[in-house]
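One structure is given below, encoded as structure tokens.
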Protein chains: 2
Amino acid sequence: MSYKFDESQPIYLQLIEIFKTYIANGAWKAGEKIESVRNLALDFAVNPNTVQRALVELENIGLAYSQRTTGRFITQNQEKINNLKHEMAENKTRDFVIQMQAIDIEQREILDLVQRCLDSEEITNQQENH
Amino acid sequence: MSYKFDESQPIYLQLIEIFKTYIANGAWKAGEKIESVRNLALDFAVNPNTVQRALVELENIGLAYSQRTTGRFITQNQEKINNLKHEMAENKTRDFVIQMQAIDIEQREILDLVQRCLDSEEITNQQENH
DNA sequence: ATCATTGTATTAAGTGATTAATACAATAAT
DNA sequence: ATTATTGTATTAATCACTTAATACAATGAT
């Protein structure tokens with residue numbers, strides 16, 4: 001696995017975002033057991049304490065739960081996962097729009113840029129499928 | 001002025017982003033003198049050293065220059081400012097699209113979310129104009 | 001000429017994130 | 001029963017960011 005972290009932000013915050021992304025996109029499914037703290041630490045090449053800190057946050061927001069010696073699991077509440085996905089999507093969209101308006105990009109231009117970016121990504125994906 | 005900083009990221013990096021935004025949206029115009037390090041530090045309620053660090057970075061990327069005791073100025077190269085704006089817009093768009101695809105949002109849904117967000121922002125702006 | 005303001009530099013201290021090295025308790029596997 | 005693995009907790013050390021308190025040199029304003 002491995003991962004390139006952004007040096008400008010604490011790793012545990014980036015891990016939270018990564019784990020939430022895994023849950024939102026279905027890589028980690030409802031009720032599924034996730035890797036142990038120690039294995040995740042090996043995968044991401046960070047200290048187990050740093051992984052632990054991120055996972056505790058996942059529990060605090062109800063996305064995971066741990067059984068002392070059995071392991072850690074994703075919430076079995078599928079609706080909670082659906083909500084997570086929708087909230088992440090809306091938050092990211094709002095942040096994006098606010099940032100674009102802050103640098104004085106017009107509405108039509110914002111939509112055009114997104115459309116153009118999606119088109120170029122699509123071509124990339126097609127190439128990868130060959 | 002004042003500002004609420006994100007605790008998850010170094011302030012000097014956030015200042016760089018803020019200053020670049022000022023240049024991109026025209027709040028700080030080409031050739032214009034900008035406030036002194038000490039005044040900016042007061043405005044943003046941070047240490048002068050932190051402002052200095054951000055401004056040095058602005059110089060390193062050619063967006064500003066300083067005259068030892070006269071003050072600091074925005075680049076007089078308007079094209080460089082135009083390029084900054086375009087690059088910021090494209091980078092933010094690419095980051096946004098990649099993040100949305102990471103949480104498995106379809107292309108049409110991405111565009112719909114942006115459109116819906118723009119619509120709601122527009123209503124807000126209209127209300128503010130009364 | 002004098003003084004205030006400018007960018008710049010230096011040193012020290014404090015804070016938070018991270019790593020490191022352990023240790024403990026509970027359960028599953030053997 | 002024994003062993004390995006699990007989440008969890010603790011303590012110390014390191015590093016980067018930030019603040020703080022200065023100081024210096026050059027220029028504009030008076």
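Keep in mind the model is a prediction, meaning the values are calculated, not measured. In what follows, chains carry the letters A, B, and so on, assigned in the order in which the sequence lines appear, proteins first and then strands, with residues in each chain numbered from 1.
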Item checked: Between C:dT15 (P) and B:Gln9 (CD): distance, integer Å -> 23 Å

Next item on the list: Taking salt bridge (charged side-chain N to carboxylate O under 4.0 Å, His left out) as the test, write out the residues that go with B:Lys92, two or more places apart.
Entry: B:Glu17

Check: In chain order, what residues pass the salt bridge (charged side-chain N to carboxylate O under 4.0 Å, His left out) check against B:Glu109, with sequence neighbours excluded?
Finding: B:Arg116

Next item on the list: Grab the two heavy atoms, one from B:Gln76 and one from B:Tyr65, that are nearest each other, plus how far apart they are.
Entry: NE2-OH, 3.5 Å

Next item on the list: Sort and list the pairs that fulfil side-chain hydrogen bond (donor to acceptor under 3.5 Å, both in side chains) and have at least one residue in residues 77-86 of chain B, not counting sequence neighbours.
Entry: B:Gln78-B:Asn82

Note to self: Given 3.5 Å as the limit, does a donor-acceptor pair link the side chain of B:Asn39 with the main chain of B:Glu35, or not?
What the structure shows: no

Check: Once you round it to whole Å, what is the distance between C1' of D:dA4 and CG of A:Asn39?
Finding: 13 Å

Next item on the list: Test B:Leu84 against every option in B:Thr21, B:Ile61, B:Leu63 by the side chain to side chain contact (heavy atoms under 4.5 Å, CB included) rule and name the one that passes.
Entry: B:Leu63

Note to self: Rounded to whole Å, how long is the line connecting atom CG of B:Leu55 with atom C1' of C:dA9?
What the structure shows: 15 Å

Next item on the list: Measure the distance from CG on A:Leu15 to P on C:dT19 and round it to the nearest whole Å.
Entry: 9 Å

Notebook entry, point to check: Nearest-Å distance, CD1 (B:Ile34) to C1' (C:dT6)?
Noted result: 12 Å

Next item on the list: Any chance you could encode DNA chain C as dot-bracket? Rule is Watson-Crick or G-U wobble with both distances under 3.5 Å; [ ] for pairs crossing earlier ones, | for another strand.
Entry: ||||||||||||||||||||||||||||||

Next item on the list: For the residue pair A:Gln115 and A:Asp119, confirm or rule out a side-chain donor-acceptor distance under 3.5 Å.
Entry: yes

Next item on the list: State whether A:Thr70 places a side-chain N or O below 4.0 Å from either non-bridging phosphate oxygen (OP1 or OP2) of C:dA26.
Entry: no

Item checked: Per-nucleotide protein contact string for nucleotides 21-26 of chain D (B base, S sugar-phosphate only, - none; heavy atom under 4.0 Å) -> B-B-SB

Checklist line | Pairwise 5' ranking along DNA chain C for A:Gln14 and B:Lys33, keeping only the more 5' one | finding: B:Lys33

Next item on the list: Identify which nucleotide among C:dA17, C:dT19, C:dT6 has an atom closest to any side-chain atom of A:Thr50, counting heavy atoms from C-beta outward.
Entry: C:dT19

Next item on the list: Among the candidates D:dC17, D:dT19, C:dT27, find the nucleotide nearest to the side-chain atoms of B:Val46.
Entry: D:dT19

Using a cutoff of under 3.5 Å, can you pull out all pairs of nitrogen or oxygen atoms linking the protein to nucleotides 13-16 of chain D, with atom names and distances?
none

Next item on the list: Measure from CD on B:Gln52 to C1' on D:dC17 and round the result to the nearest Å.
Entry: 16 Å

